[in-house]
There are 2 protein chains.
Amino acid sequence: MKLSSKSRYAVMALADIASFNKNKPVSLRDISLRQNISLVFLEQIFSKLKKNNIVKSIRGTNGGYVLSNDPNQIKLSSIFLAVDEKVKQVQCKKESKKGCNGKSSKCITHYLWDELELYINDFFNKKNLGDLLKKNLETRTET
Amino acid sequence: MKLSSKSRYAVMALADIASFNKNKPVSLRDISLRQNISLVFLEQIFSKLKKNNIVKSIRGTNGGYVLSNDPNQIKLSSIFLAVDEKVKQVQCKKESKKGCNGKSSKCITHYLWDELELYINDFFNKKNLGDLLKKNLETRTET
DNA sequence: CTAATCTTGACTATTTTTGTCGGGTATATA
DNA sequence: TATATACCCGACAAAAATAGTCAAGATTAG
Ligand code: FES
Ligand code: FES
């Protein structure tokens with residue numbers, strides 16, 4: 001049970017931008033080098049982040065990406081929504097009366113998975129990019 | 001981000017045994033029919049559950065499986081351990097000083113994923129089969 | 001004996017993940 | 001205006017993980 005690389009990279013890259021944020025656009029090339037992520041893969045990811053208005057792009061020489069909002073406003077859940085990371089533990093359609101096994105009622109584990117799903121989503125709703133930067137700074141200086 | 005079918009089936013099947021627990025062994029065939037899970041796949045899963053002492057097997061006619069412990073003693077985390085479900089969010093070796101990206105220090109997202117990992121494992125450590133049965137009963141009768 | 005049941009290891013099909021490739025288009029700056 | 005630097009986009013492909021199947025056997029109640 002883990003996050004996809006796509007999602008991890010998305011958060012990594014955004015955190016990179018946020019920490020280098022001198023109001024100048026950050027190029028994917030730089031992120032790629034600093035974070036060791038394939039440039040072309042990053043392009044894919046940022047296409048989605050842009051469509052979902054998490055970042056703004058500036059084209060041309062000295063271009064790159066900037067965050068659309070303050071890091072404290074960017075929740076993990078928004079990022080994951082943008083890159084199609086879904087926390088899906090329940091295997092049935094929630095609205096339907098039917099269960100995941102094709103039976104006419106919910107399976108015995110349904111409510112457990114539902115609870116787990118809420119539990120995890122809660123984490124992603126509470127955490128934002130700002131928290132990440134702060135935490136990171138704390139832990140690093142604490143050495 | 002989701003659990004594997006193997007893990008879901010394991011919990012489902014164990015819950016099935018627990019709720020039919022009249023001290024009689026429950027055959028995989030019955031579970032397969034009731035829960036709509038491939039019999040052969042269940043065999044694979046139960047092989048692991050047995051090795052990890054979650055269930056005991058009784059061979060021969062009228063054989064089947066019984067739980068090794070009281071449902072309240074069987075934590076989700078034990079079940080997942082048995083079927084190799086791993087909650088792995090951090091992508092580096094935790095003990096090492098090195099990061100997931102081959103760099104010499106931990107990446108900027110490391111502490112976030114570490115926190116998430118603990119958070120999720122906490123859920124699995126707190127929940128047991130008994131909780132599941134109780135919850136399920138409540139929710140169903142509440143209609 | 002024989003039918004029901006567990007036991008085991010190898011094998012395979014499908015899906016998902018993790019990217020690459022090859023072509024664009026826009027723009028700052030010399 | 002030329003050029004290099006960047007973003008933009010859709011199709012494709014390798015690799016890994018998942019979700020099983022298949023075949024052959026061992027054990028035991030009745
Ligand atoms: S997960 Fe919803 S019915 Fe099984
Ligand atoms: S996850 Fe540990 S260093 Fe990146």
Side-chain angles (χ1 to χ4, degrees), chain A residues 1-10 12-13 17 20 24-33 35-68 80 82-89 91 100-101, chain B residues 1-13 17 24-33 35-68 80 82-89 91 100-101:
Chain A
M1 191 190 190
K2 59 176 187 178
L3 288 168
S4 66
S5 294
K6 197 175 271 185
S7 305
R8 283 191 303 112
Y9 291 167
M12 249 194 215
I17 294 183
F20 275 77
K24 281 194 180 176
V26 179
S27 76
L28 293 189
R29 170 157 251 281
D30 287 353
I31 299 178
S32 164
L33 290 173
Q35 307 299 334
N36 238 31
I37 303 171
S38 148
L39 172 61
V40 198
F41 200 15
L42 274 177
E43 286 180 340
Q44 261 190 48
I45 295 169
F46 272 75
S47 155
K48 297 191 177 193
L49 292 175
K50 192 195 167 188
K51 270 180 198 146
N52 285 265
N53 205 37
I54 309 245
V55 293
K56 286 195 179 71
S57 70
I58 291 122
R59 300 176 75 156
T61 311
N62 294 326
Y65 289 93
V66 291
L67 300 181
S68 298
F80 289 160
V83 297
D84 307 312
E85 174 79 48
K86 289 186 263 289
V87 177
K88 181 162 169 53
Q89 305 301 339
Q91 296 300 315
C100 56
N101 43 12
Chain B
M1 190 191 192
K2 57 176 187 177
L3 288 167
S4 66
S5 294
K6 197 175 269 185
S7 304
R8 283 192 302 111
Y9 291 168
V11 177
M12 248 195 215
I17 294 184
K24 281 194 181 176
V26 179
S27 76
L28 293 188
R29 168 158 241 283
D30 287 354
I31 299 177
S32 165
L33 291 172
Q35 307 298 334
N36 237 32
I37 303 172
S38 147
L39 172 61
V40 198
F41 201 15
L42 275 178
E43 287 177 341
Q44 262 191 47
I45 296 169
F46 272 76
S47 156
K48 298 192 175 191
L49 292 176
K50 192 196 166 187
K51 271 179 198 145
N52 284 266
N53 205 36
I54 309 244
V55 292
K56 286 195 179 71
S57 70
I58 291 122
R59 299 175 75 155
T61 311
N62 294 326
Y65 289 93
V66 292
L67 301 179
S68 297
F80 289 159
V83 297
D84 307 312
E85 175 79 47
K86 289 188 262 290
V87 176
K88 179 163 171 50
Q89 305 300 339
Q91 294 302 314
C100 56
N101 44 12

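Naming convention: chains lettered A, B, ... in sequence-line order (proteins, then strands); numbering from 1 in each chain.
Within the structure, every side-chain polar atom (N or O) of Tyr9(A) is placed at least 4.0 Å from both OP1 and OP2 of dT17(C). For Ser57(B) and dT5(C), the shortest distance from a side-chain N or O to OP1 or OP2 is not below 4.0 Å.
A heavy-atom distance below 4.0 Å to DNA chain D is reached by these residues of residues 44-56 of chain B, ordered by number: Gln44(B).
Per the geometry, NZ belonging to Lys2(B) stands 6 Å off P belonging to dT16(C), to the nearest Å. Atom CD1 of Ile58(A) is separated from atom P of dT29(C) by 13 Å (rounded to the nearest Å). Taking atom CG of residue Asn36(A) and atom P of nucleotide dT18(C), one finds them 16 Å apart after rounding to whole Å. If you measure from atom CD1 of Ile17(B) to atom C1' of dT5(C), you get 14 Å, rounded to the nearest angstrom. In this structure, Phe41(B) atom CZ and dT12(C) atom P are separated by 18 Å, rounded to whole Å. Residue Leu33(B) contributes atom CG, which lies 10 Å from atom P of dT5(C) at whole-angstrom precision. Put simply, CZ on Arg29(B) is 10 Å from P on dC6(C), counting in whole angstrom units. When rounded to the nearest whole Å, the span between CG of Leu28(A) and P of dG19(C) equals 15 Å.
Heavy-atom distances to DNA chain C give each of Asn62(A) and Ser38(A) a nearest nucleotide, and the one nearer the 5′ end belongs to Ser38(A). Checking Arg8(B) against Asp30(A), the closest nucleotide of DNA chain D that is more toward the 5' end is the one next to Asp30(A). Ranked by how close their nearest DNA chain D nucleotide is to the 5' end, Gly64(A) and Glu43(B) are led by Gly64(A).
Boundaries of the chain B contact region on DNA chain D are dA19(D) to dG30(D), first to last in 5' to 3' order (nucleotide atom under 4.0 Å from a heavy atom).
With sequence neighbours left out, the side chain to side chain donor-acceptor pair (under 3.5 Å) criterion links Glu85(B) to Ser4(B), Ser7(B). Every residue meeting the side chain to side chain contact (heavy atoms under 4.5 Å, CB included) condition with Ile58(A), not counting sequence neighbours, appears here in chain and number order: Pro25(A), Val66(A). Remark: Asp30(B) pairs with no residue by the salt bridge (Lys or Arg N to Asp or Glu O under 4.0 Å) rule, at least two apart or across chains. Listed by chain and residue number, nothing satisfies the side chain to side chain donor-acceptor pair (under 3.5 Å) test with Lys6(B) (two or more places apart in sequence, or in another chain). Evaluation of the salt bridge (Lys or Arg N to Asp or Glu O under 4.0 Å) rule for Lys48(A) yields Asp84(A) as partners, not counting sequence neighbours.
Side chain of Ser32(A) to main chain of Ile37(A): a donor-acceptor pair is present (N/O by atom type, distance under 3.5 Å, no hydrogens or angles). Without hydrogens or angle criteria, Gln91(A) side chain to Gln89(A) main chain gives a donor-acceptor distance under 3.5 Å.
A side chain to side chain donor-acceptor pair (under 3.5 Å) check over residues 53-65 of chain A, counting only residues at least two apart or in different chains, returns the pairs Lys50(A)-Ser57(A).
At a cut-off of 3.5 angstrom, counting only N and O atoms as typed in the model, there is no donor on one side facing an acceptor on the other between the side-chain of Arg59(B) and the base of dT7(C).
For Lys88(B), the NZ atom sits in a packed shell: over 12 heavy atoms of surrounding residues, nucleotides or ligands are nearer than 6.0 Å.
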